[in-house]
Each structure stands twice: as structure tokens, then as C-alpha cells.
Colleague: 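Have a look at this one before I ask anything.
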Amino acid sequence: MKKLILILLTFVLAMSFMTGCSAAEQSTETTEKFVLTMQIGNPVMTVNGEEKNIDDNGTIPVVESGRTLVPIRAIIEAMGGDVKWDGETNTAVLTLGDDIITLVIGSETAFLNEEKHTLDVEPKIINDRTMLPIRFIAESFKFSVDWDEKTETITITKDIADNSETTKGGKTLVVYYSASGNTEKVANYIKDAANADIFELVPVDKYTDDDLDWTDESSRVNDEHDDESKRDIKLESTTVPNWSEYDTVFIGYPIWWGIAAWPVNNFVKDNDFSGKTVIPFCTSASSGMGESGKLLSNMAGTGDWQDGMRFRSGASESDVKSWVDTLNLAASNNK
Ligand SMILES: Cc1cc2nc3c(=O)[nH]c(=O)nc-3n(C[C@H](O)[C@H](O)[C@H](O)COP(=O)(O)O)c2cc1C
């Protein structure tokens with residue numbers, strides 16, 4: 001009970017802190033709700049009203065010792081977070097914004113950032129899926145959790161700042177390079193969700209399908225991959241109109257051999273990101289972001305670079321919107 005009160009207090013404090021900005025800001029900022037529902041035994045969840053399979057294997061939430069265990073990846077990604085799994089130590093690391101939760105299969109001890117917590121039900125592997133106690137996770141990430149006994153439905157909610165007012169006027173920019181259209185789709189979803197402007201990076205010498213064929217040892221990408229000096233790709237333009245007006249810059253690229261596709265490099269080198277929040281994003285077949293954002297940040301030498309987000313090549317609009325909604329751009333734009 002004490003813990004619940006503490007969590008609620010933390011939540012109320014966090015919300016009052018988040019909304020404790022100037023009156024002018026409050027008057028332009030409206031809120032919308034993130035709502036995710038799941039039902040015990042049901043492989044379909046809803047995210048902001050849209051039905052989705054929890055995963056491709058038909059995994060379902062279950063109840064163990066009176067606590068709901070859920071397959072975590074789909075849910076955390078819907079919340080806009082990221083899940084990393086270390087098979088050697090049986091550890092799941094969940095990240096959302098600045099918060100990190102670490103859980104170990106079969107252990108009742110979990111960490112929220114540096115803080116140790118004792119779970120009342122331990123994480124388990126059921127049918128090859130990592131099942132974690134959703135209440136602890138959702139509340140740690142400052143989402144509210146409701147349980148409807150009758151329908152065995154769990155509802156996870158969070159009020160989200162609507163960015164449309166504060167980002168109006170072009171304070172947010174999405175810059176991207178896309179060789180085959182996947183990153184372009186994600187860039188456009190971000191543009192719509194953040195009410196941002198968009199700037200495409202176009203190589204003067206565009207990549208053909210043959211150029212991109214990494215299975216051909218003599219292809220252009222292989223050649224450039226093997227010889228770093230050949231990765232100096234001239235772009236049609238690296239100059240964004242009204243660059244100084246942007247507070248937040250998303251920068252998107254496909255992953256090539258574990259790093260950012262190098263056509264973005266010259267944009268990053270040519271621009272001054274001082275005073276800007278830079279949020280990298282990428283698409284890939286299976287790799288994570290790896291060091292790609294960090295390498296670009298070093299290349300730029302300026303700007304407040306965030307961790308960013310990796311999307312699968314065919315990411316849906318709702319995946320992208322859920323992530324953008326958690327970024328609270330309105331707050332970051334008005335820092
Ligand atoms: C040259 C090349 C290298 C790639 N290397 C990786 C890789 O290391 N890991 C991965 O998951 N996907 C890799 N991919 C797949 C792309 O990252 C993925 O298809 C991406 O969504 C393409 O984005 P685009 O359509 O915007 O170009 C590679 C693709 C190409 C063409």
C-alpha cells in the first residue's frame with residue numbers, strides 16, 4: 001500500500017513538474033491520451049484504438065500469482081520504448097526516455113535506474129517468450145494501469161502533450177536519407193506526428209539497385225564499405241532553409257553494415273547543431289541502432305544528441321506515432 005501511495009505521489013509530482021511551465025505554454029498545450037489494452041488469453045491488443053497482434057506467435061497475457069505477465073517487446077515498443085535481451089545473463093533491459101528497468105528471468109529483484117525493487121512475481125519464459133510483470137513496468141515508466149476483473153482486461157494509459165501547437169511554425173525538422181524508401185516512410189510519419197518540416201538528403205550520384213547490392217562483392221556499397229575514403233558522398237544540398245529556427249532535428253538513415261548509411265555524413269559534418277536537440281532514427285532489417293547515433297554525434301561535434309530509435313524496415317505509422325508522442329517535443333522545444 002505504502003509503495004502504491006509512493007508511486008502515485010511520484011506520478012502526481014512528475015505530472016505537475018511536466019505541466020509546471022509558464023501560463024503561456026499551458027494555454028497552447030492540449031493533451032491526448034495513450035491507451036493500450038490487453039486481455040488475459042487474447043493475442044490481440046489495442047493501441048490507441050487500433051487492434052494489433054501482440055506478436056506473430058499468438059502470445060497471450062497470462063495471470064501468475066495474481067499478477068499479469070505479458071510478452072513485453074510489443075508493449076514497450078508501442079509505448080515508445082526499447083527492449084534489449086541478454087540471453088547469457090537472462091536479463092531484459094527496458095528503456096523509455098531516461099528511465100531504465102533491468103529484470104532477470106527467475107529473479108524477484110528488479111532495478112529502476114539505480115533503485116532496487118522486489119517484485120511480487122518473477123519474470124518468466126513461457127513458450128520462448130519473455131513474460132514480465134506489466135504493472136511494475138508500466139508504473140515505473142509513469143503510465144497508469146487499470147485492471148477490469150470482469151473482462152480480465154488491463155488498460156495502460158498516459159496523458160501526452162499534444163505537440164501540434166508548440167511545434168507549429170517549423171520548430172521541428174526531419175532530415176533523412178533513404179536508399180529504398182523505408183526510412184522515407186518513417187520520416188514522413190514523424191513529420192506528421194510532430195507537425196514538422198522535412199528535408200531529404202539526395203546524393204548527387206544516386207544509388208541504383210545494382211549499387212546497393214551488398215551480396216555483389218564488386219558493388220558500389222561494398223567498394224565504399226571496404227574503403228572508408230570512398231564514403232565522402234556529395235549531396236545535392238546540405239543547406240536547410242531557415243536552419244536557425246529549428247530547435248529539434250530528427251535525423252534518419254538506413255543501417256548499412258551496422259552503422260548509419262554514409263550519405264548522411266556530409267550533412268552532419270556541414271551543419272552546426274549548437275542549441276538543437278538532435279534525435280537520430282533508423283530503419284534496418286534486424287540490427288539495432290548500435291553506435292550509429294553516437295558516431296554521428298562525434299562527427300557533428302555540436303548539438304544535444306539523444307539516444308534515438310531504430311524501426312524495422314516496414315514500421316507502421318502507429319509504431320512511429322507512439323514513439324514521437326512519448327518524446328514530449330513541446331517541452332523540449334520550450335526548454
Ligand atoms: C548496403 C546495405 C547494408 C545493409 N546492412 C544492414 C545491416 O547491417 N543490418 C541490418 O539490419 N540491415 C541492413 N541493411 C538493410 C537496411 O538497413 C534496411 O533494408 C533499411 O530499412 C533500408 O532503408 P531504406 O529503404 O530507407 O534505404 C542493409 C542494406 C543495404 C543496402
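One-based numbering, in listed order, for ligands and for the atoms of each.
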Colleague: Tracing side-chain links under 4.5 Å among I, L, V, M, F, W and Y, which residues wind up in one group with Trp85?
Modeller: Ile105, Ile125
Colleague: Listed by chain and number, what are the side chain to side chain contact (heavy atoms under 4.5 Å, CB included) partners of Asn271, not counting sequence neighbours?
Modeller: Thr238, Trp243, Phe267, Phe273
Colleague: Would you say the side-chain atoms of Ser322 and Asp325 include a donor-acceptor pair closer than 3.5 Å?
Modeller: no
Colleague: Would you say the side-chain atoms of Thr277 and Thr248 include a donor-acceptor pair closer than 3.5 Å?
Modeller: no
Colleague: Please enumerate all residues that pass side chain to side chain contact (heavy atoms under 4.5 Å, CB included) together with Ser313, with sequence neighbours excluded.
Modeller: Asn182
Colleague: Run through ligand 1 for me and note each protein residue having a heavy atom under 4.0 Å from it, chain first, then residue number.
Modeller: Ser178, Ala179, Ser180, Gly181, Asn182, Thr183, Leu212, Trp214, Val221, Pro254, Ile255, Trp256, Trp257, Gly258, Thr283, Ser284, Ala285, Ser286, Ser287, Ser313
Colleague: Look at the side chain of Lys276 and the backbone N and O of Tyr246, then say whether any donor-acceptor pair between them is shorter than 3.5 Å.
Modeller: yes
